[in-house]
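Position 1 is the first residue of the sequence, and the numbers go up from there.
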Amino acid sequence: MAHDRITFSLAGEVTLGNFRTAISSFTNLMEMLTAQANPESKVEWIISDLRFGSATITVRGEVEERDEVPVVEEVVESAEEIGKLASVHDFKMWTTYPRAIRDEVATMFGMLNGRIPTATLGPYTIDAPVAVDPPIGIEFNIPRREHTSIKGKIVTLDNKRGTYFTLREAFTNRLIRCWPTLNYRDQIAALWKSEAWVLVEGSYNTFTEKPTMTDITEIIPLGTAEKGGWKKVFGISPRGPGDSKDSVADIVRKVRDGG
């Protein structure tokens with residue numbers, strides 16, 4: 001059978017609870033798609049690959065009768081199409097699916113955040129939670145992450161649930177949770193102790209409840225009071241609730257003086 005299997009995975013720091021929830025919804029999705037293709041089908045989905053050390057599962061459709069082969073292929077193609085729509089955040093097309101299917105897919109990808117930045121379904125990568133309904137007052141296909149650089153100071157460091165740190169952004173005082181790879185651990189600890197300004201480069205994500213930085217490619221120390229560095233102050237705008245209410249002049253003066 002040419003098209004008889006599909007892979008689902010979660011990338012990052014996946015807890016047993018995360019994996020259990022995601023697999024339960026993935027199982028329900030495959031069963032609903034099978035029933036949708038043929039309510040009388042006796043297709044069984046067999047685990048053909050469960051990779052050690054990762055949250056990845058591949059299932060294969062197994063049939064007793066040759067006339068059910070097209071059912072397996074239709075289900076795999078339907079699951080891949082769902083993965084494609086989830087990957088491009090095409091909410092308009094997404095609403096054509098039954099609510100029960102949308103609920104299961106929303107659960108599969110609802111846990112995506114800094115700790116679990118991406119998931120895959122078939123050949124498609126999903127990098128943001130899937131909405132069950134179109135966001136109210138928001139256009140379709142809105143960008144949900146942007147590669148950028150943010151200047152700030154590391155104010156907290158946590159190693160309990162995997163290394164992450166909180167960056168207080170220079171311009172707005174916004175707190176941004178950053179999820180670096182483990183190779184940055186020693187550097188982050190040193191920068192946290194020094195209270196130096198740093199420049200963090202990575203993907204700024206707006207799909208989470210609080211802003212996060214993932215896929216971090218650089219953490220550059222800028223020192224405590226770089227001469228003339230105050231002239232290069234920049235950050236994320238516009239300001240939001242809870243951001244600093246200082247005037248721009250006060251912020252620039254504060255950064256200039258290394259405060």
Side-chain angles (χ1 to χ4, degrees), residues 10-14 87 89 111-119 125-129 141-259:
L10 297 173
E13 298 171 6
V14 184
S87 71
H89 316 298
M111 61 193 69
L112 296 182
N113 53 32
R115 296 179 66 193
I116 307 175
T118 60
T125 299
I126 296 87
D127 63 6
N141 298 321
I142 58 173
R144 294 183 168 265
R145 63 173 56 201
E146 179 182 1
H147 194 80
T148 187
S149 298
I150 301 175
K151 182 177 180 179
K153 287 186 177 182
I154 298 173
V155 292
T156 64
L157 177 62
D158 192 307
N159 287 312
K160 294 178 181 178
R161 296 176 297 165
T163 299
Y164 71 82
F165 63 90
T166 302
L167 188 76
R168 186 180 296 278
E169 196 262 334
F171 178 56
T172 63
N173 270 349
R174 184 172 300 162
L175 296 176
I176 302 169
R177 182 164 290 185
C178 302
W179 296 87
T181 53
L182 292 178
N183 58 298
Y184 285 111
R185 178 176 292 180
D186 292 340
Q187 181 186 9
I188 294 166
L191 291 170
W192 174 52
K193 291 177 182 177
S194 71
E195 299 184 349
W197 289 104
V198 297
L199 189 68
V200 180
E201 181 178 305
S203 294
Y204 179 68
N205 310 308
T206 60
F207 56 78
T208 51
E209 183 179 348
K210 295 182 179 179
T212 64
M213 285 280 283
T214 57
D215 302 325
I216 292 172
T217 54
E218 290 281 353
I219 301 178
I220 304 171
L222 298 179
T224 54
E226 177 188 5
K227 188 175 181 180
W230 60 274
K231 298 177 182 178
K232 304 174 184 177
V233 174
F234 61 94
I236 300 167
S237 60
R239 302 187 193 191
D243 289 344
S244 168
K245 293 182 172 57
D246 293 342
S247 68
V248 173
D250 287 339
I251 292 172
V252 171
R253 190 177 301 111
K254 183 177 180 181
V255 176
R256 180 196 63 194
D257 297 337

Under 4.5 Å between any side-chain heavy atoms of Tyr184 and Val200, yes or no? no
State, with a plain yes or no, whether a side-chain heavy atom of Ile150 is found less than 4.5 Å away from one of Met213. yes
Could you measure the distance from the CG atom of Leu157 to the CD1 atom of Ile188? Nearest 0.5 Å is fine. 6.5 Å
Could you check whether any side-chain heavy atom of Pro129 comes within less than 4.5 Å of a side-chain heavy atom of Leu112, counting everything from C-beta outward? yes
Which heavy atom in Ala11 sits nearest to a heavy atom in Pro117, and how many Å separate them? O-CD, 3.2 Å
Return the minimal non-hydrogen interatomic distance between Cys178 and Ile216, and the atom names on each side. CB-CD1, 3.8 Å
Side-chain heavy-atom pair Pro221, Gln187 within 4.5 angstrom cut-off: yes
So which atom in Ala196 and which in Lys153 form the shortest heavy-atom distance, rounded to 0.1 Å? O-CG, 3.8 Å
Side chains of Ile154 and Leu167 in contact at under 4.5 Å (non-hydrogen atoms): yes
Using every non-hydrogen atom in the two residues, find where Pro180 and Phe165 come nearest and quote the distance to one decimal. CG-CE2, 3.9 Å
Nearest-0.5 Å distance, OG1 of residue Thr156 to CZ of residue Arg168: 9.5 Å
